[in-house]
Amino acid sequence: MTLKSDSIRSLSHIATMLELLGEDAFRVNANARAVRSLEAFPDELEPIADDQKQLTAIPGIGAKIAQKIIELHTSGRISEEDELARKVPQTLLEVLEVPGLGPKTVRLMWEQQQVESIDDLRRIIADGSILTLPRMGQKSVDKITAALAFMETSSERLPIGIAQPLAELLIEYLRQSPEIIKAEFAGSLRRGQETVGDIDILVATSNPAAVTKHFLAAPNLEEVLASGDTKSSARFAVPESAGGKRKTTARAIQIDLRIVEQDAWGAALLYFTGSKEHGVHLRTVARKQGFTLNEYGLFKDEPGEGPPQSRGIAPIAHATEAEIYAQLDQPAFPPEIREDMGEFDLTEAPRLIEVADIKAELHAHTRASDGRLSLHQLIEHAISRGFHTLAVTDHSRSSVQANGLSIERLQEQRQHIEDAREQFEGQITILHGCEVDILTDGSLDYDDETLHWLDLVVASPHVALTQDPKTATKRLLNAIEHPCVHILGHPTGRLINRREGLSPAINELVAAAVEHETALEINAHWQRLDLRDTHVRAAATGGARFAIDCDVHHAADFDNLRYGVATGRRGWLEPAQCVNALGHKDLHGWIKSKRV
DNA sequence: GCCGTTTTCGGCCCGACTGTTTTCAGTCG
């Protein structure tokens, strides 16, 4: 555990307990904001933990919270957290996790009915005493009961690689209705987050009732949670086949449908894309300039009661996101950077990396190790993607479970590569590379002579992924600094929702990567997305170069590129910093620079 | 509890839906 992760846990614990005690909402929010800010902070806190000034330089961290972090660092505890924990039963925090139950209701249950746990909640439902609470009727109780049952069947956040295809299928279905003018997904999915808690679909129509009816008849719909004139929510089953074989325990996902008038499409898309923090900041900007911004448009402030659109006030801008941003004198922020993490300091929108920029795949496996494609099939797929270069990088010998190649087999593979080069001449440049294991101590799985003989080397950690941060940093630095290594593959080895992976000191890796011109991988597989967005942001700011690769094992893995690109965009990555976006000459110039 | 090109004090976004209410509180995003 690091000081950062401990601080995040303690501060969010404090925020939740303050909420349950009915403390000032702004104080609760300040702690929650500090948590989000720390989650996005790329570096560890230990190096700055004795410097209040550097701590308060982190947005959302003021003098008080900095003091708590310092206290946690020096004593291992925060006294405020301990004091609060004496007042609030810790099992009460689980009750707050029940969807539909908020702090006010949980507090009432606690004060009036001595509810201190989920079991207590079940008790007052069973004996009917829950109905004596204010504003609590049978319908509410039924909802809580259903939520409790749903919680038991578990639900984790859905990886983007499952959520996005689901959203696209639903949109395809919705568009079958002639009443639909436009349909797009918004929310965290549109911002390219690695996992999503729900899916937001935005629809433009002049016939809301028909569209709602159509939505509620969609395939895989399990339960309607709410349905009004402009908004419906339903729970959908996640098909067993999602993501190839099931790679998530999530059985269901909530999908929210928002219905808007076509005219206000831009305002609605902006609003429902979020993030919440970006929206709050943007509305503050609007207010300062004498405007009101909501999901119906940007309005000039005029005195009066009620929302401007219902008072007959015409919006100044509402048709597109771009015109609203322009009216507020802001750049047209790409969705992926709308996190209120510094984007409002920009004077113009960055030109972020796009899928169309990617012209090379530098991390791909064949049947020789654990891939499912033959060498020829792999090459044909790369050509069909319009790539100018493909690196064949099967596993090295230590990856026994992946049928890693001995040096002899590696040498045999060279002959096949050369045959293929002849056959595909003029269509694509084929590199003979490997994905070499970074062994536990940081040494590589082939000798230097073999590595130098290969055209391209991706060095990746596959074992000992629970090493402490210091050892892991040293291990990865070894690979970055090795003169034959081009790319550090999936640097942390994490698997989303499954395995934490290594926690190296990213700033040290970045400094070494810049010095040795080694690229850091953004592994595009949606189970990896490694480096993650916040690491990419830190490394890109530090001037590192990146490789966005699909780590191809199956033909369909090429389609994961969009998730890797989205992660790069969330890290503010521009094409010039991505080796896969280089032209043929520049890419091979860099690759050969490691072979002199 | 944070923050400042209106402010070092006094702000801190905005609306839909639900269930329980005769006008609104709570939750959610």
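On a predicted model such as this, the values are computed, not experimentally measured, just so you know. Each chain gets a letter, A, B and so on, in the order its sequence line appears, and its residues count up from 1. The figures that follow rest on heavy atoms only: side chains count, while hydrogens, waters and symmetry mates do not.
Only the P atoms considered, B:dC3 is 16 Å distant from B:dT8, to the nearest whole Å. Spacing of P atoms, B:dT21 relative to B:dT27, comes out at 16 Å, to the nearest Å. Atom C1' of B:dA16 sits at a distance of 30 Å from the matching atom of B:dG10, rounded to the whole Å. Taking atom C1' on both nucleotides, B:dG11 is separated from B:dT7 by 8 Å, rounded to a whole Å. To the nearest whole angstrom, the two P atoms, one in B:dT20 and one in B:dG26, are 14 Å apart. Comparing B:dC12 with B:dT6, their P atoms are spaced 15 Å from each other, to the whole Å. Taking the P atom of each, B:dC28 and B:dT22 are spaced 23 Å apart, rounded to whole Å. The same atom, P, is picked in B:dT18 and in B:dC13; the two are 25 Å apart, to the nearest Å.
A:Glu80 comes within contact range of the sugar-phosphate backbone alone, with a heavy-atom separation under 4.0 Å but no base atom that close. The residue A:Lys104 sits close only to the backbone: its heavy atoms come under 4.0 Å of sugar-phosphate atoms, none of a base. Note on A:Arg33: nothing from the nucleic acid sits closer than 4.0 angstrom, heavy atoms only. At the heavy-atom level, A:Pro134 lies nowhere under 4.0 Å from the strands shown. At the heavy-atom level, A:Gln138 lies under 4.0 Å from the strands shown only through sugar-phosphate atoms. Across all strands, A:Ser233 comes closer than 4.0 Å to no nucleic acid atom at all (heavy-atom distances). Nucleic acid contact class of A:Leu293 (heavy atoms, under 4.0 Å, all strands): sugar-phosphate only. At the heavy-atom level, A:Asp229 lies under 4.0 Å from the strands shown only through sugar-phosphate atoms.
When each of A:Lys64 and A:Ser232 is assigned the nucleotide of DNA chain B bearing its nearest heavy atom, the one mapping closer to the 5' terminus is A:Lys64. Each of A:Gly100 and A:Ala226 was matched to the nucleotide of DNA chain B holding its nearest heavy atom; the match closer to the 5' end belongs to A:Ala226.
Between A:Arg135 and the phosphate of B:dT18, there is no side-chain N or O to OP1/OP2 separation shorter than 4.0 Å. Dashed line: the shortest gap from a side-chain N or O of A:Thr230 to OP1 or OP2 of B:dC17 is under 4.0 Å. One finds a side-chain N or O of A:Arg287 lying less than 4.0 angstrom from the OP1 or OP2 phosphate oxygen of B:dC14. Phosphate contact (OP1/OP2 of B:dC13, side-chain N/O of A:Arg283, threshold under 4.0 Å): absent. The side chain of A:Lys143 contributes no N or O atom lying less than 4.0 Å from OP1 or OP2 of B:dT27. Put simply, A:Thr105 has a side-chain N or O that comes within less than 4.0 Å of OP1 or OP2 on B:dT27.
Nucleotide B:dC28 holds its P atom 13 Å from the CZ atom of A:Arg258, rounded to whole Å. Spacing between atom CZ of A:Phe299 and atom P of B:dC13 amounts to 18 Å, rounded to whole angstrom units. A:Asp24 places its CG atom 15 Å from the C1' atom of B:dC9, with the value rounded to the nearest Å. Spacing between atom CZ of A:Arg235 and atom P of B:dC28 amounts to 14 Å, rounded to whole angstrom units. One atom, CG of A:Asp256, and another, C1' of B:dT27, lie 13 Å apart when rounded to the nearest Å. One atom, CZ of A:Phe272, and another, P of B:dG15, lie 11 Å apart when rounded to the nearest Å. A straight line from CD1 of A:Ile259 to P of B:dC17 spans 9 Å, rounded to a whole angstrom. Atom CD1 of A:Ile201 and atom P of B:dA16 are 20 Å apart (whole Å).
For the pair A:Leu531 and A:Thr567, the minimum side-chain heavy-atom distance is 4.5 Å or more.
Side-chain proximity of A:Tyr296 to the nucleotides B:dT27, B:dG29, B:dA16 is greatest for B:dA16. Side-chain proximity of A:Thr292 to B:dG19, B:dC13, B:dC14: nearest is B:dC14. In the set B:dA16, B:dG1, B:dT18, B:dA16 carries the atom at the smallest distance from any side-chain atom of A:Lys231. Listed candidates were B:dT7, B:dC14, B:dG1. Nearest to the side chain of A:Tyr271 is B:dC14. Counting only heavy atoms from C-beta on, A:Gln309 has its side chain closest to B:dG15 among B:dG19, B:dG15, B:dC2.
Ring centroids of A:Tyr325 and A:Phe344 are separated by 6.0 Å or more, keeping the two rings apart. Taking the centre of each ring, A:His525 and A:Tyr563 stay at or above the 6.0 Å mark. Taking the six-membered ring wherever Trp is involved, the centroid distance between the rings of A:Phe299 and A:Phe291 does not fall below 6.0 Å.
With sequence neighbours left out, the side chain to side chain contact (heavy atoms under 4.5 Å, CB included) criterion links A:Asp345 to no other residue.
A:Lys213 NZ to A:Ser232 OG: the interatomic distance, rounded to the nearest 0.5 Å, is 13.5 Å.
Using a 4.0 Å cut-off between charged nitrogen and carboxylate oxygen, A:Glu184 and A:Arg190 do not count as a salt-bridge pair.
Using the Watson-Crick or G-U wobble rule with both distances under 3.5 Å, B:dT8 pairs with nothing in any strand shown.
We find that the ring of A:Phe26 and the base of B:dC12 stack, their centres lying under 5.5 angstrom apart and their planes tilted less than 30°.
Glycosidic torsion of B:dT7 falls within 90° of 0, placing the base in syn.
With A:Leu257 as reference, A:Leu174 is the one residue of A:Leu174, A:Leu170, A:Leu202 to meet the side chain to side chain contact (heavy atoms under 4.5 Å, CB included) rule.
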